[in-house]
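Remarks on the structure that follows.
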Amino acid sequence: MSDEKPWLLGRLALGLGLALQASEDFRDLEDHAEYAESAGVPMPSVLAPLASAAMLAAGVGIALWRLPRLATTAAAGLLVTVTATMHDFWNEEGDASGERLAFFGNLAMLGGVLLALKRAFD
């Protein structure tokens, strides 16, 4: 397998994973906005769908490697922000296993995005 095949497969998996996960938010925008509001996000009915749309676009950009600097930078910024604000399991009272799982999942995605970010700027 050439050096580029794992990169291509990884990039496609990362980009599509980000895009498909973001697209799930559009299945129930009201619930998504309520969840954002419960985490203290200002203007959740505006910012939650906006963040999902931005991540959808960033994921597609990564998968297709179009505007890679913009796509990877946007994905990294969104993941850092969302992970720290929406999945702060350390502030949860009671069972925080769902938030902890989401936090670590986002952390893993951020790792992939940071590798892609490096490549975009090489």
Side-chain angles (χ1 to χ4, degrees):
M1 190 179 285
S2 77
D3 290 0
E4 288 303 307
K5 285 184 182 176
W7 161 247
L8 173 63
L9 293 174
R11 191 188 82 224
L12 288 172
L14 176 62
L16 290 174
L18 292 169
L20 292 171
Q21 182 173 353
S23 73
E24 286 293 311
D25 296 336
F26 293 104
R27 289 183 184 265
D28 191 345
L29 285 174
E30 191 174 316
D31 266 2
H32 188 56
E34 286 175 14
Y35 180 63
E37 184 175 32
S38 74
V41 173
M43 299 184 315
S45 61
V46 173
L47 292 180
L50 183 62
S52 296
M55 185 61 85
L56 177 66
V60 170
I62 290 170
L64 299 176
W65 210 238
R66 298 293 181 258
L67 301 173
R69 290 179 178 183
L70 177 62
T72 55
T73 300
L78 285 162
L79 281 167
V80 167
T81 302
V82 167
T83 302
T85 60
M86 302 291 290
H87 305 301
D88 56 345
F89 66 89
W90 52 90
N91 288 325
E92 290 289 316
E93 294 180 18
D95 182 20
S97 59
E99 294 302 334
R100 190 171 34 256
L101 182 63
F103 178 90
F104 291 129
N106 280 13
L107 189 64
M109 288 187 288
L110 178 60
V113 167
L114 291 175
L115 290 171
L117 182 71
K118 181 195 179 312
R119 184 133 191 195
F121 281 89
D122 278 351

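Scope of the values below: all heavy atoms of this structure, side chains included, with no hydrogens, waters or symmetry mates. For clarity, every value in this text was computed on a predicted model and none was experimentally measured. Position 1 is the first residue of the sequence, and the numbers go up from there.
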Could you go through residues 59-71 and list every donor-acceptor pair under 3.5 Å that involves a side-chain atom there, pairing it with any protein atom two or more places apart or in another chain?
unit_1	atom_1	unit_2	atom_2	d
Arg66	NH1	Leu64	O	3.1
Arg69	NE	Ala120	O	3.1

Residue pairs passing the side-chain hydrogen bond (donor to acceptor under 3.5 Å, both in side chains) test with at least one member in residues 36-52, sequence neighbours excluded, are Asp25-Ser52, His32-Ser52

Among pairs that include at least one residue of residues 74-83, which meet salt bridge (charged side-chain N to carboxylate O under 4.0 Å, His left out), considering only residues two or more places apart or in two chains?
none

For Glu30, which residues count as a side-chain contact (heavy atoms from CB on, under 4.5 Å) partner, sequence neighbours excluded?
Asp28, Glu34

Give me each pair satisfying side-chain hydrogen bond (donor to acceptor under 3.5 Å, both in side chains) with a member in residues 71-83, each pair once, sequence neighbours excluded.
Thr83-Asn106

For Leu78, which residues count as a side-chain contact (heavy atoms from CB on, under 4.5 Å) partner, sequence neighbours excluded?
Ala51, Ala54, Met55

Considering only residues two or more places apart or on different chains, which pairs with a residue in residues 100-122 satisfy salt bridge (charged side-chain N to carboxylate O under 4.0 Å, His left out)?
Glu4-Arg119, Lys118-Asp122

Output for pair (Asp88 CG, Glu99 CD), nearest 0.5 Å, gives 7.0 Å

Using a 4.5 Å cut-off between side-chain heavy atoms of Ile, Leu, Val, Met, Phe, Trp and Tyr, which other residues end up in the same hydrophobic cluster as Leu107?
Phe89, Trp90, Phe103, Phe104

Hydrophobic cluster membership, with links at side-chain heavy-atom distances under 4.5 Å among I/L/V/M/F/W/Y: are Val80 and Leu114 in one?
yes

Apply side-chain contact (heavy atoms from CB on, under 4.5 Å) to Leu29 and list each qualifying residue two or more places apart in sequence or on a separate chain.
Phe26, Pro49

Using side chain to side chain contact (heavy atoms under 4.5 Å, CB included), reason through Met86 and Val41 one step at a time and then give a plain yes or no.
CA-CA 8 Å; Met86 302 291 290; Val41 173; 3.7 Å; yes

Identify whether Leu18 and Val82 are in the same connected component of the hydrophobic contact network (ILVMFWY, side-chain heavy atoms under 4.5 Å).
no

So the ring pair (Phe, Tyr, Trp, His ring centres under 6.0 Å) pairs with at least one residue in residues 33-53 (sequence neighbours excluded) are none

